[in-house]
Amino acid sequence: MEKKILITGGAGFIGSHVVRLFVNKYPQYHIFNLDKLTYAGNLENLRDIEDKPNYSFIRADIQDNDAIMKLFVLHRFDGVIHLAAESHVDRSISNPLEFVMTNVVGTVNLLNAARFIWKGNFEDKRFYHISTDEVYGSLGSIGLFTEETPYEPHSPYSASKASSDHFVRAYHDTYGLPTVISNCSNNYGAYQFPEKLIPLCINNIRFNLTLPVYGKGENIRDWLWVEDHAAAIDLIFHRAPNGETYNIGGNNEWKNIDLIRLLCRIMDRKLERPSGTSEKLIAFVKDRAGHDLRYAIDSSKLQEQLGWKPSVTFEEGLEKTIDWYLSNPEWLAHVTSGEYQKYYEEQYIKR
Ligand code: NAD
Ligand code: DAU
């Protein structure tokens with residue numbers, strides 16, 4: 001094998017798309033997917049590639065410094081693509097410490113292990129940290145986040161991601177570690193845990209459950225199809241200069257209430273319900289504490305320097321996404337019932 005690449009958080013939503021892309025596109029790499037399998041980790045996301053010869057799964061917790069160091073010494077990874085994180089803002093409001101432990105301490109454990117095994121010999125090595133646009137805080141009605149926007153996180157989630165970004169830069173500046181960071185906007189697509197807005201709405205509409213809109217639904221997010229994020233990660237991993245940061249976004253801003261109404265209209269059509277049926281499920285509920293008003297990304301640096309651009313329009317991406325959830329009711333049923341958590345034992349322990 002030409003390279004050993006460690007992808008953390010590969011059983012999660014975005015990580016599973018990145019693992020699939022790398023395993024299929026780079027048979028000359030061995031891809032190690034390291035994941036703790038928290039509630040958000042689902043190995044059923046990777047059924048189609050799990051038997052490929054260039055793929056291995058490692059169950060481990062990035063909070064566990066000894067375990068991480070041993071794995072780096074054993075496998076001597078050439079590159080790290082770090083996605084493992086606690087990722088849901090609402091959960092960070094109820095349990096901030098878990099976000100500090102995984103997102104901050106876990107990231108520092110990985111940085112230390114990479115530094116230890118690479119020992120100053122950084123040729124062809126790379127530590128790529130996947131971050132979020134939420135580190136920049138909230139925009140007013142105009143303007144876009146650029147790579148120069150000062151950090152101003154508001155939620156425990158975004159504060160933990162901002163802190164981890166600072167550590168990654170500090171390891172580059174202090175020890176010369178060959179790092180790169182990208183900050184992406186809201187992703188949507190197949191395999192997303194239905195606690196996040198789009199899969200939650202799709203699932204609730206299917207079962208005629210309430211669609212909870214926080215506050216007045218005026219908050220704005222910039223939505224990107226997850227496979228376009230994975231393609232950007234591939235480009236950045238291979239082509240970005242060390243120490244750089246890239247913003248990734250869809251140039252696709254939607255007010256939450258408008259997006260939810262759009263989802264209702266598409267779902268009425270797909271489920272052959274009279275138009276207006278699903279909108280009746282909308283319920284305005286108490287706002288999220290510290291709810292950021294607007295995120296919007298300027299991705300021109302990535303587009304101009306590395307030639308990336310989104311491959312689908314929002315209409316195409318949403319159609320693909322909704323079709324995927326409707327044609328994978330078993331995946332959704334396993335996720336909502338908790339059945340998916342047995343998959344690791346059945347697939348990896350009992351065999
Ligand atoms: P996710 O919650 O779907 O997946 C996270 C994965 O990390 C899960 O498989 C989980 O089991 C694993 N994990 C959690 N704690 C761990 C630990 N201590 N040790 C090892 N593994 C652990 O998240 P996602 O939405 O796929 O996000 C992936 C990354 O991308 C995160 O770093 C997130 O901050 C970032 N991001 C997400 C979005 C988005 O819209 N979802 C946008 C920008 C950036
Ligand atoms: O911007 C990137 C971030 O996008 C990522 O870093 C996070 O990991 C990811 O979870 C996402 O964060 P958001 O908080 O923007 O995503 P979420 O899907 O939770 O919410 C999207 C918007 O919809 C937000 O304004 C809150 C609102 N919302 C969400 C839920 C779950 C509702 O109105 N009702 C809901 O039930």
Side-chain angles (χ1 to χ4, degrees), residues 7-19 33-43 45-46 58-64 67-68 81-93 98-99 101-103 105-107 109-110 129-136 138 145 153 155 157-158 160-161 164-165 182-189 191-201 204 210-224 226 229-230 233 247-249 254-257 259-260 282-288 291-297 341 344:
I7 300 182
T8 69
F13 165 50
I14 302 171
S16 64
H17 288 275
V18 177
V19 166
N33 168 16
L34 184 157
D35 201 294
K36 180 180 178 177
L37 300 183
T38 67
Y39 79 94
N42 182 355
L43 286 174
N45 296 357
L46 290 167
I58 302 169
R59 188 172 194 176
D61 183 345
I62 60 170
Q63 296 181 28
D64 183 345
I68 294 303
I81 305 179
H82 174 37
L83 296 107
E86 287 293 336
S87 71
H88 191 39
V89 174
D90 293 332
R91 287 180 191 256
S92 82
I93 295 167
E98 192 58 19
F99 284 67
M101 296 310 294
T102 284
N103 299 1
V105 177
T107 301
N109 286 339
L110 291 166
H129 177 61
I130 307 299
S131 193
T132 171
D133 60 358
E134 301 202 9
V135 298
Y136 299 123
S138 184
F145 295 135
S155 71
Y157 164 67
S158 53
S160 69
K161 291 297 289 187
S164 64
D165 292 9
S182 58
N183 298 81
C184 190
S185 63
N186 287 62
N187 285 216
Y188 69 96
Y191 301 110
Q192 188 169 28
F193 198 84
E195 64 184 352
K196 307 279 170 71
L197 184 68
I198 289 182
L200 180 133
C201 287
N204 284 14
T210 298
L211 304 174
V213 180
Y214 297 168
K216 294 181 179 156
E218 303 270 297
N219 306 68
I220 293 170
R221 297 292 182 264
D222 174 356
W223 294 93
L224 178 69
V226 64
H229 187 188
I233 289 172
N247 280 355
I248 313 172
W254 282 81
K255 221 179 242 187
N256 291 340
I257 187 64
L259 171 57
I260 293 167
I282 291 175
F284 291 90
V285 300
K286 187 165 173 269
D287 207 355
R288 173 185 278 174
H291 197 172
D292 287 332
L293 178 67
R294 175 172 168 255
Y295 304 144
I297 282 276
Q341 285 173 320
Y344 170 71

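As the structure lists them, so they are numbered: ligands from 1, and atoms in each ligand from 1. Note that these values count all heavy atoms, side chains included, but never hydrogens, waters or copies made by symmetry.
Annotation for Asp133 and Ser185: closest pair OD2-CA, 3.2 Å, computed over non-hydrogen atoms.
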Q. Please walk me through it: do Ser164 and His129 pass side-chain hydrogen bond (donor to acceptor under 3.5 Å, both in side chains)?
A. CA-CA 9 Å; Ser164 64; His129 177 61; 3.1 Å; yes
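Screening Glu195, Glu86, Glu98 for a salt bridge (charged side-chain N to carboxylate O under 4.0 Å, His left out) involving Arg91 leaves a single residue, Glu195.
A side-chain N or O of Tyr136 and one of Asn247 form a donor-acceptor pair less than 3.5 Å apart.
A salt bridge links Arg288 to Asp90: one of the charged nitrogens lies within less than 4.0 Å of a carboxylate oxygen.
Listed by chain and number, Gly9, Ala11, Gly12, Phe13, Ile14, Asp35, Lys36, Leu37, Thr38, Ala40, Gly41, Ala60, Asp61, Ile62, Leu83, Ala84, Ala85, Ser87, Thr102, Ile130, Ser131, Thr132, Tyr157, Lys161, Cys184, Ser185, Asn186, Asn187, Lys196 each place a non-hydrogen atom less than 4.0 angstrom from ligand 1. Protein neighbours of ligand 2 below 4.0 Å, counting non-hydrogen atoms: Ser87, His88, Val89, Thr132, Asp133, Glu134, Tyr157, Cys184, Ser185, Asn186, Glu195, Lys196, Leu197, Leu200, Pro212, Val213, Tyr214, Asn219, Arg221, Asn256, Arg288, His291, Tyr295.
Between the OG1 atom in Thr210 and the CD1 atom in Ile282 there is a gap of 11.0 Å [rounded to 0.5 Å]. Note that the CD atom of Glu134 and the OH atom of Tyr157 stand 5.5 Å from one another [nearest 0.5 Å].
Classified by interplanar angle (parallel below 30°, tilted 30° to 60°, perpendicular above 60°), the ring pair Tyr214/His291 is perpendicular.
No donor-acceptor pair under 3.5 Å is formed between the side chain of Arg294 and the backbone N or O of Ile220.
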